[in-house]
Amino acid sequence: MASVYKAQDILLDRIVAVKVLHAKYGDDHDFVVRFRQEAQAAAKLSHPNIVNIYDVGYDENVHYIVMEFVRGETLKEYIEKHGHLPINTSIQIAFNIGEALENAHANGIVHCDIKPHNILVTETGRIKVADFGIARAVNSVENSDRTVLGSVHYFSPEQASGGHIDERTDIYSLGVVMYEMMTGIVPFEGDTAISIALKHVQDDIPLPTKYNRRIPRLVEQVILKAMSKNPDDRFQSIGEMMSELRLSQGFINTNGARPIISKGTYNFGTQKIQPIKEKELPEEAPKKKKNIFTRFMDSISNHSQKTIIIGMLGVFLVAFVWAFFSFGNFWSTEDITVPNVTGKQVEIARKILKDKKLDVSVKEVESEEVPVGEVVAQTPSGGAVVKANRTIYLTVSKGNKGEQVLMPDLRSLTLEEAESKLKEIGLSVGKVTYKESAQYADGTIISQSPASPKKVDKGTKVNLVVCRKSEAEKAAEAANEAPNTSGMTLEEAEKALESAGYSVGSVANLDASKDSSQAVITAQAAGDGKVVNLTVEYPGSQNSQSTGSDGSANNQEPAGTPHYGTVNISVPAGASNQHVQIIVSDDNGSRVVYDRNQSGGDNISKSVSGTGKTRVKVYINNSLVQDQYI
């Protein structure tokens, strides 16, 4: 298209480069216009990475441009001399080219012929972009003969097919230049310009890592995105491409392996060819659809190693947090036996597990065999030993959607809970009666009709019997609900009751002449409301060591004499859950040696011992039933 000469500027005494249009193109109006466009376009640009234009003219049928003389070599010569370039060097050169193109695009100029031959490397290593000979203004009208001008090895698909050209055309060519810098070869080769142009339009781009395995995955993705067939799939601006490229710099290994390069002689010059017509394009063979695993592995391989490691750490952290909250406090030393709640209503099961310091997660399933709200299964199962705060997973029936439903077990639920449960399955509460019961809590359901697990029609009314305690029973229960202070000092008992919302009423046997810190609680009884009355004794005092059932011999023994004995207790028949407590008082103080709930009719035999004067007291439901010395 043009020849470049080294010349001397006589006026300013400097070396310049003069580009002269070939004589055979002088009569070609289209080429002359493009040649003038080089000067006009480049004259608008002022950037350290763009070759400066000094003058443009026409003399004796010769069109010429006077421009900056650059001492150095072209990027193409540099690549041929050094083979593929280090990844860092290639990216830095791409940055310099990108800055030059960004300046040109800001001025409405598309280069259209970005290739290593038009990129100069100065002796100091500076990169300069030259030859805007076929540059066209972005808003200019397309050429009338629809011919394609450029270097076919660096063509964009839209250039090859004579389509619309904009800034994204330069982005494609820059992607090809980066490909060549990092691999030492161009992506597409062929015997003719048309065959190469066809490959740009229809062939998949060979992966750069096929020729240089040291190219980071993120850098490869930048190149492939820049070389997308569809301009809409490329970076939409040079600035966007440079930003993505900067992100990749943290993943670069500069010790690149030698690429696999096939040497050949190719024509990389700027050429004029006819655009490829659609009918010349062969039909594209349908691509085999990849299976899910292959697509998943491909999506992972598209990410950098650092991103994959961070992702794996994130997954591990989420899994650890889930396991921590699911399996309880790892540092807890408290082992808890999981109660079996299968077959119980979920509200009752939840309360039982919460009382055991266990968390609960509920999942509902439809069932025609298990009544609504009943626990079908649990994980871990009953009897398993777990740490505190472990989550117990309950599978709960939500009944079926037919005209008949299974009657749920409403016992131990409150009236409000039962109404809600029945409403969920299309039933309602019928007649409600009240009855006293020692087995059920006040306000909870004792029995029902129809009973569980009968099948009933939707709309059926369910009759309920609800527990109603007498005032005396309520007071007794209130006392039982208060913290058990037997065996504590008076000061400890006061703190324990206050923290539970109770206050101390009367204190029996309290001696103002003695140190109250020595007083030990031996019994407690409910007062009015949240008041608890206490009975105390003073270990070692004459009052508390009165003659026992075996006479006064025990009082006259020398101090420090050990005593041994057996306490036999028969728990009165009646309630199934009775509190039994044995307290031993000797020269060392008072202590609780037995504290359990027993069923009515149980027989207890407990061996006890003490030092010096030893007194044994037995309480059942906080009432003193035995008091003896051993």
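Every value quoted in this text rests on a predicted model; they were computed, and no experiment measured them. If you read the sequence from its start, that first residue is 1, and numbering goes on from there.
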Backbone N/O of G430 and side chain of N463: donor-acceptor pair under 3.5 Å
no
Any side-chain heavy atom of Q345 sitting closer than 4.5 Å to one from S412?
no
Minimum heavy-atom distance V338-P380, with the two atoms named
CG1-O, 4.0 Å
Grab the two heavy atoms, one from K356 and one from I336, that are nearest each other, plus how far apart they are.
O-CD1, 2.9 Å
Indicate yes or no: at least one non-hydrogen side-chain atom of L358 is less than 4.5 angstrom from one of P339.
yes
Distance-only, no hydrogens or angles: does the T614 side chain make a donor-acceptor pair with backbone N or O of G612 under 3.5 Å?
yes
Backbone N or O of T611 within a donor-acceptor pair of the D586 side chain at under 3.5 Å?
yes
Nearest heavy-atom neighbours spanning V466 and I446
C-CD1, 4.0 Å
Would you sort out whether N603 and N568 count as a side chain to side chain contact (heavy atoms under 4.5 Å, CB included), showing the intermediate values?
CA-CA 7 Å; N603 293 316; N568 296 308; over 6 Å; no
Of all heavy-atom pairs between I171 and F235, which one has the smallest distance, and what is that distance?
CD1-O, 3.2 Å
Ion pair check, R350 and E347, cut-off under 4.0 Å
no
How long is the span from the OG1 atom in T444 to the CZ atom in R411, to the nearest 0.5 Å?
11.5 Å
Does any non-hydrogen side-chain atom of R596 lie less than 4.5 Å from one of V580?
no
Looking at NZ of K363 and OG1 of T379, how far apart are the two atoms once the value is rounded to the nearest 0.5 Å?
10.0 Å
Is there a side-chain contact between E494 and V507 (heavy atoms, below 4.5 Å)?
no
Taken to the nearest 0.5 Å, the spacing of S449 OG from K454 NZ works out to 7.0 Å
With rounding to the nearest 0.5 Å, note down the distance linking CG in L427 to CE in M407.
5.0 Å
Start with the C-alpha distance between I521 and L490, add both sets of side-chain angles, then the distance that settles side chain to side chain contact (heavy atoms under 4.5 Å, CB included), and finish with yes or no.
CA-CA 6 Å; I521 308 300; L490 180 59; 3.9 Å; yes
Please examine the side chains of I309 and L313, heavy atoms only from C-beta on, and report whether any two atoms are closer than 4.5 Å.
yes
Passes side chain to side chain contact (heavy atoms under 4.5 Å, CB included), S503 versus V531? Steps please.
CA-CA 5 Å; S503 59; V531 176; 3.7 Å; yes
Residues, nucleotides or ligands: over 12 heavy atoms within 6.0 Å of R591 CZ:
yes
Smallest separation among heavy atoms of A493 and L534, with atom names:
CB-CD1, 4.3 Å
Distance check, rounded to the nearest 0.5 Å: L422 atom CG versus L410 atom CG?
5.0 Å
Residues E491, K495: salt bridge by 4.0 Å N-O rule:
yes
Heavy-atom side-chain proximity of D595 to H579 below 4.5 angstrom:
yes
Is any side-chain heavy atom of Y594 closer than 4.5 Å to one of I569?
no
Taking all atoms of both residues into account, what is the closest heavy-atom pair of C467 and D442, and its distance?
O-OD1, 3.5 Å
Give the intermediate values and the outcome of side chain to side chain contact (heavy atoms under 4.5 Å, CB included) for residues Q448 and L464.
CA-CA 5 Å; Q448 65 187 81; L464 304 175; 3.8 Å; yes
Would you mind reporting whether V567 and I604 have side-chain heavy atoms less than 4.5 Å apart?
no
Do other residues, nucleotides or ligands put more than 12 heavy atoms under 6.0 Å from the NZ atom of K344?
no
Flag, side chain of E167 to backbone of I238, donor-acceptor distance under 3.5 Å:
no
What residue among E220, M227, K225 forms side chain to side chain contact (heavy atoms under 4.5 Å, CB included) with I223?
M227
Rounded distance (nearest 0.5 Å) linking atom CD1 of I352 with atom NZ of K354
13.5 Å
Donor-acceptor pair, distance only, cut-off 3.5 Å: does the side chain of T460 make one with the backbone of D457?
yes
Give a yes or no answer on whether the side chain of E244 reaches the backbone of E240 with a donor-acceptor pair at less than 3.5 Å.
no
Can you tell me if R234 uses its side chain to pair, donor with acceptor, with the backbone of R168 under 3.5 Å?
yes
